[in-house]
Amino acid sequence: MLKIVKDMFSISKKKKEENIKRLEEQTQAEYEQSISKESTKEESLTEETSVGSHKKTVSEEMHIEFSYSACTDPMCDCGILYLKEVDKENGLIIPLNIHDKRVISPEELYNTGEEPDAEIQAIAKKIEGHFSEEDWQEMREIYTEQKIEQIDQVNPNEVSYGFTIKDFEDEGLMTSYLDIFPCSPFTFELNDKQYLVTDTYCKNDICECREVHLSIFNFVDLTEDTVKEINTYEYDYKLKIGSFTSSIKEEEAQKVIDNLFLEFPNLDKTLAKRNRVVRRIFKKAKKDYWSTKNISNPEGKSISRNAPCPCGSGKKYKRCCGK
């Protein structure tokens with residue numbers, strides 16, 4: 001019995017050695033074959049795309065490197081990120097939708113009604129096919145960063161936002177920064193959870209309050225971007241004090257707020273700046289609203305030019321909406 005086991009072991013060992021030798025010979029043959037192909041091929045080139053710090057081989061035709069450029073409207077969250085070929089005056093421009101994770105043809109984007117360029121479409125599809133989930137996530141972060149930069153540099157006097165009639169009739173109603181700038185929420189990860197914080201402000205330009213409502217959400221489905229509100233933190237960015245509006249998940253919410261100030265060390269200045277932006281945008285909209293509205297008193301007489309302006313600015317009508 002012992003002899004049979006030894007024989008079986010010897011056979012297995014021998015077989016293993018033969019397999020190893022055959023594998024080595026096969027690998028060597030494949031290597032020599034690939035070298036031979038490399039030395040003789042004339043038609044194969046290499047095309048690359050630059051995705052952040054990543055470079056991926058897409059086809060074997062040309063070298064292409066792209067830079068990024070998000071849609072330039074700070075009030076838009078269309079998800080359009082352009083890949084622009086660098087170092088070429090009339091290089092390729094490939095528009096991507098980072099929300100849908102797909103390439104968009106220029107004809108579709110601009111509604112030209114023309115047939116898509118077959119060559120550009122082929123290159124675009126090859127590029128799209130080589131993007132991994134990590135690539136799409138990285139491009140989404142790039143898109144968001146560029147949008148935040150646009151929002152931070154916005155000129156309030158050049159922004160037109162559609163406030164409702166209720167906003168003009170009740171200036172005490174607060175306005176969410178998210179409503180004006182969809183890409184503005186503060187997002188971060190804490191304890192393996194993704195959180196989102198939105199900020200809502202008083203829009204009355206003659207009000208002296210410095211309060212902001214910070215609404216805390218957590219992502220319940222990252223694939224669908226589904227969020228659930230946890231709590232709201234009423235915060236005075238001048239006095240640097242605040243409190244929660246309810247006791248629901250207050251301990252978790254407090255950790256989120258603490259982390260928010262760690263993630264964004266200049267948060268107080270950011271909140272103050274955003275409040276000024278909201279008030280200036282509303283002031284402009286209010287002036288436009290009252291200047292185009294038929295302003296009259298109950299008796300049907302026109303407002304006197306020396307009367308206080310009904311927009312609530314505190315100025316005379318002739319110095320404000322009556323100009």
Side-chain angles (χ1 to χ4, degrees), residues 74-75 77 141 144-159 161 163 166-168 170-220 225 227-286 312-314:
M75 301 176 69
D77 187 21
E141 291 172 359
T144 303
E145 287 173 3
Q146 291 193 6
K147 282 293 183 180
I148 292 295
E149 288 179 5
Q150 294 173 13
I151 293 169
D152 289 343
Q153 297 170 9
V154 76
N155 181 349
N157 297 323
E158 297 177 355
V159 173
Y161 175 70
F163 291 96
K166 287 185 177 180
D167 286 315
F168 297 117
D170 184 1
E171 297 187 18
L173 295 175
M174 300 182 76
T175 298
S176 171
Y177 211 65
L178 175 69
D179 289 343
I180 304 176
F181 304 107
C183 294
S184 63
F186 304 97
T187 57
F188 52 87
E189 182 177 319
L190 176 64
N191 298 331
D192 297 326
K193 290 184 179 181
Q194 296 286 337
Y195 291 94
L196 178 149
V197 178
T198 63
D199 42 336
T200 303
Y201 302 92
C202 169
K203 64 181 183 297
N204 190 337
D205 59 288
I206 61 174
C207 180
E208 295 183 356
C209 75
R210 297 296 180 265
E211 187 178 273
V212 54
H213 290 183
L214 299 172
S215 298
I216 305 165
F217 301 82
N218 76 311
F219 286 90
V220 293
D225 284 345
V227 296
K228 181 179 180 181
E229 184 169 3
I230 297 176
N231 210 325
T232 297
Y233 190 66
E234 295 183 352
Y235 179 68
D236 187 314
Y237 54 78
K238 186 175 183 180
L239 300 177
K240 300 184 179 181
I241 56 174
S243 62
F244 292 102
T245 58
S246 73
S247 59
I248 300 174
K249 294 188 176 181
E250 188 171 340
E251 184 177 348
E252 179 182 359
Q254 184 63 60
K255 290 179 181 179
V256 173
I257 291 297
D258 292 341
N259 192 74
L260 177 67
F261 281 89
L262 291 175
E263 290 278 344
F264 303 91
N266 296 318
L267 186 62
D268 289 319
K269 291 183 178 179
T270 299
L271 299 178
K273 179 181 177 181
R274 288 187 170 195
N275 198 354
R276 290 194 298 271
V277 169
V278 169
R279 294 183 184 204
R280 287 175 64 184
I281 292 174
F282 180 70
K283 183 178 181 180
K284 175 179 176 291
K286 181 174 62 173
S313 65

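Throughout, numbering of the chain's residues begins at 1 and tracks the sequence.
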I need the [X] [atom1] to [Y] [atom2] distance, nearest 0.5 Å.
| X | Y | atom1 | atom2 | value |
| --- | --- | --- | --- | --- |
| Asn275 | Cys209 | CG | SG | 6.5 Å |
| Ile216 | Gln254 | CD1 | CD | 8.0 Å |
| Leu196 | Phe188 | CG | CZ | 9.0 Å |
| Glu189 | Gln194 | CD | CD | 4.5 Å |
| Glu251 | Lys255 | CD | NZ | 5.0 Å |
| Thr175 | Ile180 | OG1 | CD1 | 6.0 Å |

Within the structure provided, determine whether [X] and [Y] are in side-chain contact (heavy-atom separation under 4.5 Å).
| X | Y | value |
| --- | --- | --- |
| Thr232 | Leu214 | no |
| Arg279 | Cys207 | yes |
| Val212 | Glu234 | no |
| Val277 | Phe181 | yes |

List the steps and the verdict of side-chain contact (heavy atoms from CB on, under 4.5 Å) for Lys228 and Phe219.
CA-CA 6 Å; Lys228 181 179 180 181; Phe219 286 90; over 6 Å; no
Using atom types as modelled and distance alone, determine if a side-chain donor or acceptor of [X] lies under 3.5 Å from a backbone N or O of [Y].
| X | Y | value |
| --- | --- | --- |
| Arg210 | Glu208 | yes |
| Asn231 | Phe244 | no |
| Asn191 | Lys193 | no |
| Arg274 | Asp199 | no |
| Asn266 | Lys269 | no |
| Lys273 | Asp152 | yes |

What heavy-atom pair brings [X] and [Y] nearest, and what distance separates the two atoms?
| X | Y | result |
| --- | --- | --- |
| Ile151 | Pro74 | CG1-O, 3.8 Å |
| Leu239 | Asp236 | N-OD1, 2.9 Å |
| Ile148 | Ser184 | CD1-CA, 4.0 Å |
| Asp170 | Lys203 | O-NZ, 3.3 Å |
| Val159 | Lys284 | O-NZ, 3.9 Å |
| Pro185 | Pro182 | CD-O, 3.5 Å |

Before you tell me yes or no, could you show the steps for Asn259 and Val256 under side-chain contact (heavy atoms from CB on, under 4.5 Å), namely the whole-Å CA-CA distance, both residues' side-chain angles and the distance that decides it to 0.1 Å?
CA-CA 5 Å; Asn259 192 74; Val256 173; 5.8 Å; no
Greater than 12 external heavy atoms within 6.0 Å of Asn157's CG
yes
Does atom CD1 (Ile248) have a neighbourhood of more than 12 heavy atoms from anything else shown, all under 6.0 Å?
no
Could you check Tyr177 against Val278 for side-chain contact (heavy atoms from CB on, under 4.5 Å), going step by step and ending with a plain yes or no?
CA-CA 7 Å; Tyr177 211 65; Val278 169; 3.5 Å; yes
Do Tyr195 and Phe217 have ring centroids that are under 6.0 Å from one another?
no
Are Lys238 and Glu211 within salt-bridge range, i.e. N to O under 4.0 Å?
no
Relative to the ring of Phe282, is the ring of Phe168 parallel (under 30°), tilted (30 to 60°) or perpendicular (over 60°)?
parallel
So Tyr233 and Tyr235, would you call those rings parallel, tilted or perpendicular, with 30° and 60° as cut-offs?
parallel
side-chain contact (heavy atoms from CB on, under 4.5 Å) assessment of Lys240 paired with Asp268:
CA-CA 8 Å; Lys240 300 184 179 181; Asp268 289 319; 3.2 Å; yes
Going by side-chain hydrogen bond (donor to acceptor under 3.5 Å, both in side chains), name the residues that satisfy it together with Asp167, two or more places apart in sequence or in a different chain.
Thr164
